[in-house]
J.: 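This is the structure I want to talk about, given as structure tokens.
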Amino acid sequence: MKAPGTTTGAPPARRRQTLLVAVAVLAAAFNLRPALSSIGPLLTGIIGETGLSAAGAAVLTTLPVLCLGLGAGLGPWIMRRIGPDAGVLAGLGAVALGLGLRAPGSLAPLFAGCALAGLGIGLANVLLPVMVKRDYPASAGRMTGLYTMTLCLGAAAGTGLSVPLREALGGWGPALAVWCLPALAAMPVWLLLARRSTGAAAGAKASVKPVRLRRDPLAWQVTGFMGLQSSLAYIMFGWLPAVLEARGLNPLEAGFTASVMILGQAPGALVIATLAARGRDQRGWIVAVLAVIVATFLLAAFGPDMTLIPASIVLGLALGGVFGLGLTVIVLRAPEAITAGSLSAMAQGIGYSLAALGPLGFGLAHEASGGWILPAGLFVAIATLALACGLGAGRARHVGPRS
């Protein structure tokens, strides 16, 4: 399969470089969610073994998302210092180390490892759209869809395999730590890419200055949409298995159903991001996908048993689609790569910090009410706010002085 953005008439060296970037981006993307999605299926067991309170569990599901925002905030500084290629390599190193720290199966290394992995994921998250805008300007939507699809596959693997890994490896600590292996496997190709890019980028780094967007209303709308739609996904990563167990499913069944939901995100991300990027305006896609998310979540949480699997599949398709839309509007609302880097840092740095409040609030609402009605109401409210921001972010405009 030809890498997105390549042409048959391109020089061989250029085609090899483009293919290397595509492989590297997809390898990194796979590692950007298992650190988050592997916790949910094991959360009930972790609470039972360690005595972690519901509030502590809410903090555990929130901490890595909060650190995503902090890591994303480092993106522009890292890009100026070492370039985006080496920056993604550094992010993967932090992910691998953070995941490995979770092996002992006790609370202190678990929290520390989740925080470090979240920082690494946030750094890689903010730099990948820069590379897409830089290396695939003519096919940004398709490449965004491909790496979002791969990211969703990694999330599904983290959810679906966590319980079997716990049984095979004898505890939740090793089951969480084993996800450092894909991150380690992705690092050599990024090391090669960073070495090849060092010479060409050395002169450019000093001249790269971030575009200031804090007074740009469109940039804030993109940021709000990115953060609020991410909040919906992180609530599902952290709490859907527990919601399903409350319906009567055992942990293996709940983990499997949640993995079906997350696996559905992969085709949703690819198809919806690719199709939405073909148009100048993405507002219609945003309205439709958020409406489907609300309807299918309520069906999965409270609907008849016969609707559980179909609702979970469609929920996954819609969550993948809205995440792909979040990344797509970052790329499309920026006129060029440097602005894309600044917008990505703002949207993901501030956005993921905002997203962290979702799983925290969902867990605290559950603890306060003892049920899932109040948390579900919070989920619907977050989706409504995401819609309000998305109606602005989806407009056919550019951020910055070229708007």
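As the structure is a computational prediction, the values presented were derived from the model and not from experiment.
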J.: Any donor and acceptor pair, going by atom type alone, linking the side chain of Trp172 with main-chain N or O of Arg166 inside 3.5 Å?
T.: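 Here the side-chain-to-backbone pair does not exist.
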
J.: I'd like to know whether CZ of Phe256 has more than 12 heavy-atom contacts from other residues, nucleotides or ligands below 6.0 angstrom.
T.: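 No, the 6.0 Å shell around CZ holds no more than 12 heavy atoms from other groups.
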
J.: Can you give me the closest heavy-atom contact between Leu99 and Trp179, atom names plus distance?
T.: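 Nearest heavy atoms, Leu99 then Trp179: CD1-O, 3.2 Å.
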
J.: Would a distance-only check, ignoring hydrogens and angles, find a side-chain to backbone donor-acceptor pair under 3.5 Å from Glu253 to Asn250?
T.: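 At least one qualifying donor-acceptor pair exists.
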
J.: Output yes when a side-chain donor or acceptor of His366 lies under 3.5 Å from a complementary backbone atom of Trp372, and no otherwise.
T.: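 No.
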
J.: Could you report the tightest heavy-atom contact between Ile286 and Gly390, atom names first, then the distance?
T.: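 For Ile286 versus Gly390, the nearest heavy atoms are CD1-O, 3.4 Å.
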
J.: Identify the heavy atoms of Val399 and Pro335 that sit nearest to each other, and give their distance.
T.: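 Minimum heavy-atom contact is O-CD, 4.0 Å.
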
J.: What heavy-atom pair brings Met236 and Phe297 nearest, and what distance separates the two atoms?
T.: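 Scanning both residues, the minimum pair turns out to be CE-CE1, 3.4 Å.
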
J.: State whether the side chain of Arg102 and the backbone N or O of Leu110 hold a donor-acceptor pair below 3.5 Å, judged by distance alone.
T.: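 Checked: no pair found.
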
J.: Which atom pair, heavy atoms only, marks the closest approach of Leu378 to Gly358?
T.: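 Closest pair (atom of Leu378, atom of Gly358, distance): CD2-O, 4.4 Å.
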
J.: Strictly distance-based, threshold 3.5 Å: is any side-chain N or O of Glu167 a donor or acceptor partner for the main-chain N or O of Pro164?
T.: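 Pair absent, no side-chain N/O of Glu167 close to backbone of Pro164.
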
J.: Between Phe379 and Phe362, is the ring centroid distance below 6.0 Å?
T.: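 Distance test on ring centres: not under 6.0 Å, no.
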
J.: Does Thr384 use its side chain to pair, donor to acceptor, with the backbone of Val380 at less than 3.5 Å?
T.: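 Yes; at least one donor-acceptor contact below 3.5 Å.
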
J.: Looking at Val271, is its backbone amide N or carbonyl O close enough to the side chain of Thr274 to form a donor-acceptor pair, meaning the two atoms are under 3.5 Å apart?
T.: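 No: the side chain of Thr274 does not pair with the backbone of Val271.
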
J.: Determine whether a donor-acceptor pair (N or O, by modelled atom type, separation under 3.5 Å) exists between the side chain of Ser312 and the backbone of Met261.
T.: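 No: the side chain of Ser312 does not pair with the backbone of Met261.
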
J.: Tell me, with the steps shown, if Leu354 and Ser231 meet side chain to side chain contact (heavy atoms under 4.5 Å, CB included).
T.: CA-CA 8 Å; Leu354 176 65; Ser231 185; over 6 Å; no

J.: Under 3.5 Å, is there a donor-acceptor pair between the side chain of Arg333 and the main chain of Ala393?
T.: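 Pair found, side chain donor or acceptor close to backbone of Ala393.
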
J.: Can you name the closest pair of heavy atoms from Ala28 and Trp190 and give their distance?
T.: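 Nearest heavy atoms, Ala28 then Trp190: CB-NE1, 3.5 Å.
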
J.: Could you list the residues that satisfy salt bridge (Lys or Arg N to Asp or Glu O under 4.0 Å) with Arg395, not counting sequence neighbours?
T.: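 With neighbours one apart ignored, the set is empty.
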
J.: One pair to check against side chain to side chain donor-acceptor pair (under 3.5 Å): Thr328 and Gln282. What are the steps and the verdict?
T.: CA-CA 9 Å; Thr328 297; Gln282 289 74 44; over 6 Å; no

J.: Under a 3.5 Å distance rule, please check whether Ser106 uses its side chain to pair with a backbone N or O of Ala108 as donor and acceptor.
T.: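 No, because the side chain of Ser106 does not come within donor-acceptor range (under 3.5 Å) of the backbone of Ala108.
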
J.: Are Pro359 and Trp239 close enough that some pair of their side-chain heavy atoms sits under 4.5 Å apart?
T.: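 Yes - at least one pair of side-chain heavy atoms lies under 4.5 Å apart.
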
J.: Are any of the side-chain heavy atoms of Ile78 and Leu123 separated by less than 4.5 Å?
T.: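 Result yes, sub-4.5 Å side-chain heavy-atom pair found.
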
